[in-house]
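First comes the structure, then the notes that go with it.
What you see is a predicted model; the values in this text were computed from it and never measured. Letters A, B, ... mirror the listed sequences (proteins, then strands); counts begin at 1.
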Number of protein chains: 2
Amino acid sequence: MKEGPDIAQVAACLGEPARANMLLALMSGMALTAGELSREAGVTPATASGHLAKLEASGLVVGEKQGRHRFYRLADPDVAHAVEALVTVSARLGHMRTRPGPKDGAMRRARSCYDHLAGSLAVDLFEHWRTNGVFGSLPETFELTRRGQELLSERGIDVTALTKSRRPLCRRCIDWSERRHHLGGGVGAAILSLALNKGWANRKDSSRVVIFTPGGEKRFVAWYSL
Amino acid sequence: MKEGPDIAQVAACLGEPARANMLLALMSGMALTAGELSREAGVTPATASGHLAKLEASGLVVGEKQGRHRFYRLADPDVAHAVEALVTVSARLGHMRTRPGPKDGAMRRARSCYDHLAGSLAVDLFEHWRTNGVFGSLPETFELTRRGQELLSERGIDVTALTKSRRPLCRRCIDWSERRHHLGGGVGAAILSLALNKGWANRKDSSRVVIFTPGGEKRFVAWYSL
DNA sequence: TTCATAGTTTGGTCCAGACCTAAATGTTTC
DNA sequence: GAAACATTTAGGTCTGGACCAAACTATGAA
């Protein structure tokens, strides 16, 4: 009848409290089992199974069987981006379910966005690298300059390995607390896992907050500074 | 009970075909009356009125009374951004609302989007002018550069008359088939009517398809080329 | 004034789909 | 093997909400 994609089908999937809760839980980037997601959503495993089948059929999540578990994760960064956009709208409209609390500050400072780092810390990093010529021009997805490649390699990120993946190396991603861009894509993901591996930061379980230790934050800033 | 904004409430609003169609119609940035939106959505005015009340209560659209009409428009750019993100996801998943038909090719080439031109031809024009400095910066609505004003006047568009109207001179408008921008606003409308008046193109009745004659299309491209 | 048009409210029908329990299917551990 | 756990399927209930017709309100036109 009309031109254009059928956004209602996708939106309807998101517009169900149980499914929305599952997707928000998956926004941390971690794959979760069907059981964990059913608890997250507050429904029985049977109901959750139905929801997950629907989400998978719509292409919003992908499931992978592993032993007697089945792990689900967001299908791709576009989905995460859409969820973030909805979060932005509903946050702006004051449909918050929690009041701003102590955790909120930490959330604004650093959190995971899908599988990379978001928050003011991540925005600072992006800004610093951008003004220092690490990236070329900046469309939605983009590449590293030669200088950028060297800098990252020196800092322990295996750029050539990342290049082999089909995933874009760098992607700009809007940060909803800062309203500016931070770095996503393969490099963004590598940075978050590096910070976690070095012990500079830890995920707060079952939440998107990433907590940097006092020393860890200093070392992280030193690490990315040029 | 969980942290975070209540995305389900907003998503549920979008997850209803009638409401989704209304929002997509509003993505052009133009304010539309309740009646136009009811037709766009394919429901009776009564039903549409209920939907619009819901959309307004959720803060996705704002309505403004003007005489015996009531004009609705998207509440703010964040809403447009969320809709775009959903379009991206659903387009990638191939959940298109159209079935490919013979008309589809013509439709993709040129059609009317309210009162201005959309489709690949319109996107090309916009792209060409943009890269040649006809416009300044490009927020939602924007102005012509001095150069742009001269170019349009030379080409038979009375810019000073358009300036007098309250309507924005230029407006970028998302093109559904191309997923890029084309030109709306007063100038966009003037271009379409110029093409029709010169006999380069005709509207196919009761459809949005605009058919350029073979010679007309050549002359149109020559007309806008710099 | 009276008529026409735009929009909303009301009342009622009807169906999609969210939910549960119970039972079936798989997988790992003992 | 059997027992424990994870997940899916089957069957059935029940509610939210999408829809329309008709009545009502408000504005503009004749």
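Taking a cutoff of 4.0 Å between a charged side-chain nitrogen and a carboxylate oxygen, B:Glu127 and B:Arg130 qualify as a salt bridge. B:Arg109 has a carboxylate O that lies under 4.0 Å from a charged side-chain N of B:Glu217, or vice versa, which qualifies the two as a salt bridge.
Of the candidates D:dA18, D:dC20, C:dG17, D:dC20 carries the atom nearest the B:Thr47 side chain, counting heavy atoms from C-beta on. In this structure, of D:dT7, D:dA26, D:dC19, it is D:dC19 that holds the atom nearest to the side chain of B:Val43. Comparing C:dC20, C:dG7, C:dT5 by their nearest atom to the side chain of B:Thr33 picks out C:dG7. Taking only side-chain atoms of A:Ala18, from C-beta outward, the nucleotide of C:dC19, D:dA26, C:dT8 with the closest atom is C:dC19.
Nearer to the 5' terminus of DNA chain C, by closest-nucleotide assignment, is the contact made by A:Lys54 (compared with the other of A:Lys65 and A:Lys54). Taking for each of B:Ser49 and A:Ala46 the nucleotide of DNA chain C with the nearest heavy atom, the 5'-most of the two is the partner of B:Ser49.
Considering B:Leu23, B:Val61, B:Leu60, B:Leu55 in turn, B:Val61 is the only one that fulfils the side-chain contact (heavy atoms from CB on, under 4.5 Å) rule with B:Tyr72.
Side chain B:Arg68 to base C:dT5: a donor-acceptor pair is found below 3.5 Å.
Residue B:His69 places at least one side-chain N or O closer than 4.0 Å to OP1 or OP2 of C:dG7. Remark: B:His51 is not in phosphate contact with D:dG17, judged by side-chain N or O atoms under 4.0 Å from OP1 or OP2. Under 4.0 angstrom from either OP1 or OP2 of D:dA6 there lies no side-chain N or O belonging to A:Arg70.
Atom pair A:Glu56:CD and D:dT9:P shows a separation of 11 Å (rounding to whole Å applied).
Within the nucleic acid shown, A:Phe71 has no heavy atom closer than 4.0 Å to any nucleic acid atom.
Using the six-membered ring where Trp is involved, B:Trp129 and B:Tyr224 have ring planes that are perpendicular, over 60° apart on the 30 and 60° scheme.
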